[in-house]
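Working notes, beginning with the structure itself.
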Amino acid sequence: MTALRRAIALNAVAVARLQSRTLNSRPRSLPTVFSSQSRAYTSTSPRRQQAFHSQLESIPNASDLLSSQKPGGAPATPQTLTEKIVQKYSVGLAPGKKVKAGDYVTLAPHHCMTHDNSWPVATKFMDIGASKIHDNRQVVMTLDHDVQNKSEANLKKYRLIEEFATKHGVDFYPAGRGIGHQIMVEEGYAWPSTVTVASDSHSNMYGGVSSLGTPVVRTDAASIWATGRTWWQIPPIAKITFTGILPPGVTGKDVIVALCGLFNQDEVLNHAIEFTGSEETMASIPIDDRLTIANMTTEWGALSGLFPVDEMLISWYRAKATLGAMFDSASKARINHQRVDELAENRLVADPGAKYAKELYLNLSTLSPFVAGPNSVKVATPIKNLEAQNIPLDKAYLVSCTNSRASDIAAAARVFRQATKDGKPAKIAPGVKFYIAAASIPEQQIAEEAGDWQVLLDSGAQSLPAGCGPCIGLGTGLLEPGEVGISASNRNFKGRMGSTSAKAYLASPEVVAASALQGKIAGPGWYQKPEGVEKVIIGEGSGNHVADKAVSIEDAFDKLIGEVESMIATAEGEGAGEQSASPAATEEETLTDILPGFPEKIEGEIVFCDGDNINTDGIYPGKYTYQDNVPKEKMAEVCMENYDTEFRTTAKAGDILVSGFNFGCGSSREQAATAILAKQIPLVVAGSFGNIFSRNSINNALMGVEVPRLVRRLREAYGDDPEKRPTRRTGWRLLWDVRRSRVVVTEKGSGAVWEQKVGELPPNVQEIIARGGLEKWVKSEIAA
């Protein structure tokens, strides 16, 4: 029976691989014009500055965050796939209301997963006065992050989570069973055309099976446990069209690494992504590769990454349904032929004429193996270029929910099988450590039955429990100072996998294995370059040049007018900023109502962290994330530690933290906001914020405002300073006049004073902040 189960499981993968290889072998003509550079796409509507503008626009009032929309919705319009799925899971919509990007909705997700943070969520749940989970079938708990930690404190937390899950009848998966996201997919919780959320930033992965996966934060999860719902704003939606087909030796990891590195100007930041392409193109991307691509749309800056329901996905589910029926699997209630038949007959697709905020394309046929890094996903380099540099390697990792399924392990094992000589197993290079951990126990069992797991062990690899481990910077095998590592995981931020002075690269499983074998960053040599391909073809639009040129004159004018209006608004704002600041409001100003007791003005000295894409690992190190009850004093001490160890002594209580663009990108950890509050910094100003940080900040009563001009001005002032300090006391002062929705900046030295209009902080958000965050606001509402 074991052999039969393995045969069926591997057959699903084999069919996908065979389809891909068959397509790859077909002759094809390629365009003669190649482009490896992306162009910045400007949306048709001018970008407005806001206090966390992506979260605050159009909130009717505080109570609407967890209640239904009011009547009077827009007339029926064509919807994207994302909008259609959200429509299904929005509650309390007005009759006839069709949701669209930008709408705030009350969302009742199909499933909500929490992992090691389940106990902090449970604590919030109990603190708000809840005693019973609203729908225990909606909730899934998995233990996956710190599974190597055998300390009494961690084991006690794990026991508390399991006891809580048992008490409330929640589906629970213990430490060592696998990574939560993989469990959600393989056990059928993340189902096509549903909304599935998790208190983890890589919830995007569910889009690989056409489930709208998006992250929520701990406070949101507690709200879902208590009420079955939370609030969500539908992001702007981007369509990514794939053309061509994947060549042999190119994987889904190469696709997403290339997208992150070639479209690296925040083109899809805080967007929902929909991937599309011809039937032939999509058939060349197996489901495991789709899961990899969707997973790392998080690193690309997106809030979701949704693939369509197509024949490949239906076939994948049919194989799983057959296995479940034959072996009486616990998942058969969720993955069975009846549900698959219903899925095939009722596929959700985007409507013709659906509106997207932007459209980009990538020609897969022109892609080769890529590597991300060091220490950034925005730097992507073809493997052939890195091979020529002979970069020595210290550690290699085949771990994480991104690329540690059975097909990934098989690819890595193939590298070592091909290197076998005289019947002796190939070994990893001297001085290199190679760590492997399966995404889940079922995936490891498939690899073991195929002999692939043993091949890697025979090569000298060290096995770790099925869990997150080194990917999150926990447990065995972290990078030491000065070391170089290459990983099949998803995130290589500085300090993420160990020392901040180490260098981390990301690549496909076969490149990771080949690098471990050779002792330097290298590929296995499997890539077959199609004739005529010299550069990667990417760009705006759909990749169909005839269709892209057929954009209506009206749309072209709309775009032009929007750009002109945006330029005028920027010029007017900066022109007004050149005037001396006036404490009195002008006649044209619209004043914001200030709740009793809420400060009308916030003022302090600017401490400047001059960096873009400062991520949540930089703000609050991962090694502390799953330590509960860390004292505020310790949180303040380690705040920004992975960005700059001198921040702890440079920044003072009462300072205003100013940073660059996309501040707070990365994971969903709430401590990124609460650590700044622990440092007694009342206000963060940035060129722009990562969406998840915006949400966490509002939910935890940290105020923030976007002022791109201030960032540019600070960089002008200190750009020629030979002492490039990551954290700098400036002597500049900033005053945020909340009532007037303006910031007033007083520069050091020249004494120049200028002001800038910023987004309104509406009373409903003031109320949440004044109550101490969303958790306390919900508690007060329940008590009322």
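In this text, all values refer to a predicted model and were calculated from it rather than measured experimentally.
- The line from CG of L517 to CD of E510 is 13.5 Å long, rounded to the nearest 0.5 Å.
- With no hydrogens or angles considered, no side-chain donor-acceptor pair links Y173 and D144 at under 3.5 Å.
- Between E187 and R334, the closest side-chain pair of non-hydrogen atoms falls below 4.5 Å.
- Neither side chain, T114 nor N117, offers a donor N or O lying under 3.5 Å from an acceptor on the other.
- In the model, E311 has no side-chain atom that pairs as donor or acceptor with a side-chain atom of W316 under 3.5 Å.
- Ring pair Y89/W232: centre-to-centre distance not below 6.0 Å.
- A donor-acceptor pair under 3.5 Å is absent between the side-chain atoms of N346 and the main chain of L343, judged by distance alone.
- A donor-acceptor contact closer than 3.5 angstrom is absent between the side chains of S203 and T214.
- Using a cut-off of 4.0 Å between Lys/Arg side-chain N and Asp/Glu carboxylate O, R137 and D171 are scored as salt-bridged.
- At a cut-off of 3.5 Å, with distance as the only test, a side-chain donor of S440 or E186 sits close to an acceptor on the other residue.
- With rounding to the nearest 0.5 angstrom, the NZ atom of K320 is 13.0 Å from the CG atom of N336.
- For the atom pair CG (L291) and CG (N204), the distance works out to 12.0 Å, reported to the nearest 0.5 Å.
- A donor-acceptor contact closer than 3.5 angstrom links the side chains of R491 and S201.
- No side-chain heavy atom of L348 sits less than 4.5 Å from a side-chain heavy atom of V309.
- The aromatic ring centroids of Y361 and F242 lie 6.0 Å or more from each other.
- Looking at K253 and D289, no side-chain N of the basic residue comes within less than 4.0 Å of a carboxylate O on the acidic one, giving no salt bridge.
- With a 4.5 Å cut-off on side-chain heavy atoms, M205 and Q182 count as touching.
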